[in-house]
Amino acid sequence: MVMKQTPSQTVGPYFAYGLTAQQYHYPHSQYADGCLVTDQTQGERIRIVGRVLDGHGDVVDDAMIEIWQANAAGRFDHPNDAREARPLDPAFKGFGRFGTGTTPDNSFRFDTIKPGAIRDGVAPFISVIVFGRGIMNHAYTRLYFSDETTANAADPVLEKVPADRRNTLIATRNDTATGVEYRFDIRMQGDNETVFFDF
Amino acid sequence: MSKFTPRDWASHPSYLSPEYKSSRLRGVSRNLVEIDPELAELTGPAFGEEVLGPLDNDLTRNGRVNGEPLGERIIVTGRVLDENGDPVPNTLVEVWQANAAGRYVHIRDQHDAPLDPNFLGAGRCVTDENGEYRFMTIKPGAYPWGNHPNAWRPNHIHFSLFGPTIATRLVTQMYFPGDPLLDLDPIYQSVPAQSRERLVSQFSIDVTEENYALGYVFDIVLRGVNATPVEA
């Protein structure tokens, strides 16, 4: 390596008018938000709802969450995934971003689709990135689905996670009047601290 | 899927940096679980020119209401590179900052310094084929914060970058050379000593435009990712 990585710094408390401007009603454009789907998007519509909690269990109201996921066929919209057998969906890019400062309970909310498994033998999942004041390096985690019990049990990444911590990565499915909702709280610290990954 | 350099923890701050109070209850406290990168980490969103508005890279113009923003005009430019020194072209660079008086547009910022009706403090651009980016802006002011008695943040500009995949994602802050507050700032000081200076931009007379604006250079190095597309 001839160059060294530029150090990370916290996103701080004031990212909203730069990174999530329209969500927070600032006069600046925003190119990705909590809605990843259009009427044309293929796949099962789901909503992801969760909160970020600090070491005291208090809700973090100035975090920013990003998600990245495959489409319903298990294909990523990116040149490194060239698997033609799994079609791209022109109505799905797979990226979302949401700050926790605008909903009444300071939750994050994503309207998306349930991704397909990206290959045989792995459970479907969504990559989640957590940013916030006090979080010096963005933290990577994954969201798995509570109704994928069999696939989760065989998933090689979940297998690497200590058994008593796997539950922190499983979003709980609720069938509500407005559709399928998965609950996914992110605990930065504490007994039930969410598993974060390095790769 | 071949080359993929790890996050260099000798370059990044610790999650728990107690001098920075907010990290105490928010920093990841348990060991990260190491996983082998696969397609999910070797892909990521690719935002390019299509998300740019015409004035997005000129913060001296994109917030104007009835005049020019106050303060010292500056040019901030540099290259986005990977660890091999190769340019990272066509990647989105986003910035946000305080105004010349040290006040953010953000509603939570209640520092008793004036807002500038003609300055928003947010912008974005995309790197060119050489990995170069360039912003025109106003030099941000220092501002007080509640971390400890008489705490002041050094002048800084926030940066957010994607790079080719979610593994190369980076959020950081750019500082200015010779700022006496750097030695006292727990956010800057949270970075290991040997890598701190990478966050400090360099004054450049070559970038400086005569009779117009001082120039600062800030190069940014992302993790190296050189994945081979997965077929079949």
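Looking at A:Arg187, there are no atoms closer than 4.5 Å to chain B (heavy atoms on both sides), in backbone or side chain. Interface remark: A:Thr10 contributes backbone and side-chain atoms alike to the contact with chain B (heavy atom separation under 4.5 Å). The parts of B:Ile107 that come within reach of chain A are both its backbone and its side chain, each placing non-hydrogen atoms under 4.5 angstrom from that chain. Of the atoms belonging to A:Tyr140, it is side-chain heavy atoms, and not backbone ones, that fall under 4.5 Å from chain B. With a 4.5 angstrom heavy-atom cutoff, B:Ser29 touches chain A via backbone and side-chain atoms both. Only the side chain of A:Ala32 has a heavy atom closer than 4.5 Å to any heavy atom of chain B. Of the two parts of A:Lys160, the backbone and the side chain both hold a non-hydrogen atom closer than 4.5 Å to a non-hydrogen atom of chain B. At a 4.5 Å heavy-atom cutoff, the contact between B:Leu170 and chain A is made by backbone and side-chain atoms alike. Both the backbone and the side chain of B:His12 come within less than 4.5 Å of a heavy atom of chain A. Residue contact with chain A, scored on non-hydrogen atoms closer than 4.5 Å, involves the backbone of B:Arg24 exclusively. Interface residue B:Tyr15: backbone and side-chain heavy atoms are both found under 4.5 Å from chain A. With a 4.5 Å cut-off on non-hydrogen atoms, A:Leu53 does not touch chain B at all. For A:Pro27, the parts lying near chain B are the backbone and the side chain together; criterion is any non-hydrogen pair under 4.5 Å. Residue contact with chain A, scored on non-hydrogen atoms closer than 4.5 Å, involves the backbone of B:Pro6 exclusively. At a 4.5 Å heavy-atom cutoff, the contact between B:Thr43 and chain A is made by backbone and side-chain atoms alike. Contact of B:Gln173 with chain A is made through backbone and side chain together, with heavy-atom distances under 4.5 Å.
Inspection of the B:Trp9 and A:Asn137 side chains reveals no N or O donor paired with an N or O acceptor under 3.5 Å. Inspection of the B:Arg198 and A:Thr6 side chains reveals no N or O donor paired with an N or O acceptor under 3.5 Å. Inspection of the A:Ser29 and B:Arg124 side chains reveals an N or O donor paired with an N or O acceptor under 3.5 Å.
Residue pairs meeting the ring-ring contact (aromatic ring centres under 6.0 Å, His included) criterion with at least one partner in residues 28-52 of chain B, sequence neighbours excluded, are A:Tyr31-B:Phe47, A:Phe95-B:Phe47, B:Phe47-B:Phe162.
A heavy-atom distance below 4.5 Å is not found between the side chains of B:Leu222 and A:Gln5. With a 4.5 Å cut-off on side-chain heavy atoms, A:Val2 and B:Glu83 do not count as touching.
The line from CH2 of B:Trp96 to OH of A:Tyr14 is 13.5 Å long, rounded to the nearest 0.5 Å. For the atom pair CG (B:Asp82) and CE (A:Met3), the distance works out to 9.0 Å, reported to the nearest 0.5 Å. Note that CD of B:Glu34 is 11.5 Å distant from CZ of A:Phe197, once rounded to the nearest 0.5 Å. To the nearest 0.5 Å, atoms CE (A:Met136) and OG (B:Ser17) are separated by 3.5 Å. Taking CZ of B:Arg169 as the reference point, atom OG of A:Ser8 lies at 10.0 Å (rounded to 0.5 Å). Of the inter-residue distances, the one linking B:Arg26 atom CZ with A:Met188 atom CE reads 9.0 Å to the nearest 0.5 angstrom.
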* Asked: Going through the distances and angles, do B:His158 and A:Phe15 end up as a side chain to side chain contact (heavy atoms under 4.5 Å, CB included)?
  -> CA-CA 8 Å; B:His158 295 267; A:Phe15 62 81; over 6 Å; no
* **Stepwise side chain to side chain contact (heavy atoms under 4.5 Å, CB included) check, A:Leu19 with B:Ser160** => CA-CA 9 Å; A:Leu19 300 182; B:Ser160 170; 4.1 Å; yes
* To do: Apply side chain to side chain contact (heavy atoms under 4.5 Å, CB included) to the pair A:Gln9 and B:Val171, showing each step before the final yes or no.
  => CA-CA 6 Å; A:Gln9 294 269 268; B:Val171 169; over 6 Å; no
* Determine, step by step, whether A:Lys4 and B:Glu197 satisfy the salt bridge (Lys or Arg N to Asp or Glu O under 4.0 Å) criterion, reporting the C-alpha distance in whole Å, the side-chain angles of both residues, the deciding distance to 0.1 Å, and the verdict. => CA-CA 11 Å; A:Lys4 291 283 200 179; B:Glu197 284 188 7; over 6 Å; no
* Please lay out, stage by stage, how A:Asn80 and B:Thr165 fare under the test side chain to side chain contact (heavy atoms under 4.5 Å, CB included). => CA-CA 9 Å; A:Asn80 284 345; B:Thr165 84; 4.3 Å; yes
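A salt bridge is defined here as a Lys NZ or Arg NE, NH1 or NH2 lying under 4.0 Å from an Asp or Glu carboxylate O, and A:Arg142 with B:Glu38 meets this definition.
Most heavy-atom pairs under 4.5 Å with chain B, from the set A:Ala139, A:Gly134, A:Pro162, A:Gly18: that is A:Gly134. The residue among B:Gly53, B:Ala167, B:Ser190 with the most heavy atom pairs within less than 4.5 Å of chain A is B:Ala167. Contact count against chain A (heavy-atom pairs under 4.5 Å) is highest for B:Glu41 among B:Glu41, B:Lys21, B:Gln97, B:His156. Of the listed residues (A:Val195, A:Thr141, A:Asp54), the one with the most heavy-atom contacts under 4.5 Å to chain B is A:Asp54. Of all the listed residues (B:Ile220, B:Val105, B:Leu16), the one sharing the greatest number of non-hydrogen pairs under 4.5 Å with chain A is B:Val105. With chain A as the partner, the residue from B:Gly27, B:Ala46, B:Ala98 showing the most heavy-atom pairs under 4.5 Å is B:Gly27.
Across every non-hydrogen atom of B:Ile35 and A:Phe199, the tightest pair is O-CB, 3.3 Å. Between B:Ser22 and A:Arg133, the shortest heavy-atom contact is OG-NH1, 2.8 Å.
Counting heavy atoms of neighbouring residues, nucleotides and ligands inside a 6.0 Å radius, atom CG of B:Asn31 does not exceed 12 of them. Open room surrounds CD on B:Glu19; 12 or fewer heavy atoms of other groups in view lie less than 6.0 Å from it.
Heavy-atom proximity under 4.5 angstrom to chain B picks out A:Val60, A:Asp61, A:Asp62, A:Met64, A:Glu66, A:Trp68, A:Phe76, A:Asp77, A:His78 from residues 58-78 of chain A.
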